[in-house]
Amino acid sequence: ALSEKLAITFKKLRGHGKLSEANIQDALKDVRMSLLEADVNYKVVKTFIDSVKTRAMGTAVLDSLTPAQQFIKIVNEELAAMMGGDSKGLNLSGRPPLAMMMVGLQGSGKTTSLGKLARWLVLNNRKPFLVPADVYRPAAIDQLKTLAGQLELPCFDSSTGDNPVDISRRALAEALVQGHDVVLIDTAGRLQVDEPLMAELRNIKAAVNPAEILLVADAMTGQDAVNVARKFDEDLNLTGVVLTKMDGDARGGAALSIRAATGKPIKFVGIGEKLDALEIFHPDRVASRILG
Amino acid sequence: RVLFGGKKSVEQVLEEVEEVLFTADIGVKTSQRLLEFVRKELSGKDLQDPAKVRDALKAEIARIVDLNPPPFAYDSSKPFVMMMVGVNGVGKTTTIGKIGRRLNEKGMSVIMAAGDTFRAAAAEQLEIWGDRAGVQVIRGQDGGDPAAVIYDAVSAAKSKGADVVIADTAGRLHTKVPLMEELKKVKRVMAKAHETAPNEVMLVVDANNGQNAIAQAREFNEALGITGIILTKLDGTAKGGVIIGICDELKIPVRYIGIGETVEDLRPFDPKEFTEALFE
Ligand SMILES: Nc1nc2c(ncn2[C@@H]2O[C@H](COP(=O)(O)OP(=O)(O)OP(=O)(O)O)[C@@H](O)[C@H]2O)c(=O)[nH]1
Ligand SMILES: Nc1nc2c(ncn2[C@@H]2O[C@H](COP(=O)(O)OP(=O)(O)OP(=O)(O)O)[C@@H](O)[C@H]2O)c(=O)[nH]1
Ligand SMILES: [Mg+2]
Ligand SMILES: [Mg+2]
């Protein structure tokens, strides 16, 4: 673990009198390696290390009797600052029905997370309406209808011949008539570099004016998380992120990368395949996992 | 430095190369090992030449991933059974569709087994792929025993004289012991239908994954013995560099790459092409 590595690094320095800048560099190296092993993006690591270095080179660490503790304190503070505060959940202010879009790469967990959010909304006294707007993936509409059935919630009756923008628009109209107050739109997975499909998302956004546009990202994502998140954010102005598959042993550095690249809040964490496997995001938990 | 004709220092060159390696998801351990190799391999002067350093790296990486496996021995077993495993959402079901189509076009008779009895609409998804591939799909009841579905498919293939069975399994995280145990059971049970089954156990790895893919490979290999890897979603911007460490440590060959969502988007793995793409 990083704290053990740092303890060793700082132990080597004891008996040399005061800490030097070179000693701090060794400790910074330990942190850098740990973050890279955790899949934090290379450039994000660089920025992070620079901000830690600036503070660590100050007298607080160099003159301290417990430099290791002081150093770790700075690292944890800088990481917490970068991760943002505790999530406040979904933005449910505004006149219903409120539209929400789930977007992201293929297989990241959008459809499943939508089901989880629908369940969460019911627990928060809302009446969600599930909308299958993925007309491409085989049985995607089937998949969402099945989840709606498990939750005993209404689902818009899309078919694969429909246009996702029309589906979204018609679903919102139906929600207004039926009294559903949150409209959850499942979109097809897509590459951020697929221009026609990114345009489709922009068109859905224009049609329904969503209260939330959530990037659903896999916790196991590596260095490319920055490129993906940045493009989705530039195109759509995301309102938040859902980090899925955190029930595995991925360190989850993608969380830091995505946060650094977009400044958008991580709102929820997926912790399993079942529909109750959803948690509000707590930055300190994710931060200590990333540091290792 | 400009005084010396604008040439970069060795440290500068290696730092720039290190960035390329890390951002391709090659990982700390493997990148350090590669840079160490280059330091030993090249003279001081060559180490200042970015082009020479890159060429040396490319050659070493290509060597590591070029495990040169023999072609699939379809004739060695009737049916020849291929089991697809991997964590959630990596592209197992889609890849089965692609492989099924490929083999069907080669004139082989293929049966697909809908061994994911857990996830919503998993069997329906495979059935649509069966249509696209022109191949029969054998499925069971939702929530049924996956081992039983695959057993049935292999038995049916035997009695029909089908050439190949491709078995789909539910995605699962390698950290979930009961799910890994279920997979081991699936493997044991299919051998009861056909002695040599599974003839191939393919781990599907998502090119977007970072270092966790190494843990996936280790655990699935430990549980089942992985005979080949399929690296999907290389049509995206992720480079899939994590498989270098996997090939180096576990010596498991990459057989195919997935480069899209249609039935045609499958290619045999080309070590040289893969290595070139890392540095683009
Ligand atoms: N273990 C675990 N699995 C998850 C989690 N979220 C989703 N999954 C699984 O990940 C796989 C993909 O989930 P989907 O909801 O189909 O993903 P998607 O983003 O809608 O996929 P596309 O529509 O094809 O882009 C499924 O096997 C899900 O059960 C999670 O938090 N933990
Ligand atoms: N761009 C791209 N998408 C792919 C590729 N392979 C699969 N996909 C997409 O990834 C998503 C997940 O594919 P699946 O085949 O459902 O993945 P899976 O491993 O069977 O998922 P689970 O059974 O839920 O674990 C789908 O949207 C596929 O279309 C690929 O090579 N490139
Ligand atoms: Mg989906
Ligand atoms: Mg599947």
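The structure displayed is predicted, hence computed values, not measured ones. Letters go in sequence order (proteins before strands), and every chain restarts at 1.
In terms of heavy-atom pairs under 4.5 Å with chain A, the best-connected choice from Q125(B), E124(B), R172(B) is Q125(B). Among K145(A), Q192(A), E273(A), the residue making the largest number of heavy-atom pairs under 4.5 Å with chain B is E273(A). Across R132(B), K29(B), R119(B), the residue that shares the most heavy-atom pairs under 4.5 angstrom with chain A is R119(B).
Within a 6.0 Å sphere centred on CD of Q141(B), other residues, nucleotides and ligands contribute 12 heavy atoms or fewer. For Q150(A), the CD atom counts as densely surrounded, since its 6.0 Å shell holds more than 12 non-hydrogen atoms of other residues, nucleotides or ligands. In this structure, R202(A) places its CZ atom where more than 12 heavy-atom neighbours from other residues, nucleotides or ligands lie under 6.0 Å away. Annotation for E195(A): atom CD counts as buried by contact number, over 12 foreign heavy atoms lying within 6.0 Å.
A distance of 7.5 Å separates CZ of R137(A) from OG1 of T93(B), quoted to the nearest 0.5 Å. For the atom pair S108(A) OG and N88(B) CG, the distance stands at 12.0 Å (nearest 0.5 Å). Separating the CG atom in D235(B) from the CG atom in L191(A) is a distance of 5.0 Å, to the nearest 0.5 Å. Summarising the geometry, atom NZ belonging to K245(A) is positioned 8.0 Å from atom CG belonging to L173(B); distances are rounded to the nearest 0.5 Å.
For E127(B), no part lies under 4.5 angstrom from a heavy atom of chain A. In this structure, chain B has a heavy atom under 4.5 Å from the side chain of L105(A), while its backbone stays farther away. Looking at R251(A), neither its backbone nor its side chain comes within 4.5 Å of chain B, counting heavy atoms on both sides. Contact of V87(B) with chain A is made through the side chain alone, with heavy-atom distances under 4.5 Å. Looking at D131(B), there are no atoms closer than 4.5 Å to chain A (heavy atoms on both sides), in backbone or side chain. In this structure, the portion of R32(A) lying under 4.5 Å from any heavy atom of chain B is its side chain and not its backbone. Of the two parts of K43(A), only the side chain, counted from C-beta on, holds a non-hydrogen atom closer than 4.5 Å to a non-hydrogen atom of chain B. Heavy atoms closer than 4.5 Å to chain A are found in both the backbone and the side chain of A238(B).
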Would you check, one step at a time, whether the test side chain to side chain donor-acceptor pair (under 3.5 Å) holds for D39(A) with N212(B)? CA-CA 9 Å; D39(A) 291 324; N212(B) 195 253; over 6 Å; no
May I have the step-by-step check of salt bridge (charged side-chain N to carboxylate O under 4.0 Å, His left out) for D247(A) and K176(B), ending in yes or no? CA-CA 9 Å; D247(A) 44 317; K176(B) 307 215 159 154; 2.4 Å; yes
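For the residue pair Q211(B) / E37(A), no side-chain donor-acceptor distance below 3.5 Å is found, with atom types taken as modelled. Side-chain N/O atoms of N208(B) and D218(A) include no donor and acceptor closer than 3.5 Å. Side-chain contact annotation: T237(B) with D224(A), donor-acceptor N/O pair under 3.5 Å present.
Here the side chains of M33(A) and Q32(B) are in contact, with some heavy-atom distance below 4.5 Å. Taking the side chain as every heavy atom from C-beta outward, M220(A) and Q216(B) approach each other to under 4.5 Å.
The nearest pair of heavy atoms linking A139(A) to A121(B) is O-CB, 3.8 Å. When all heavy atoms are compared, the tightest approach of A120(B) to Q143(A) is O-CG, 3.5 Å. Here the shortest heavy-atom pairing between G248(A) and T175(B) reads CA-OG1, 3.8 Å.
Within residues 18-28 of chain B, the residues having any heavy atom closer than 4.5 Å to a heavy atom of chain A are E18(B), E19(B), F22(B), T23(B), D25(B), V28(B), listed by residue number.
Checked for salt-bridge contact, E15(B) and K46(A) meet the test: a charged N lies under 4.0 Å from a carboxylate O.
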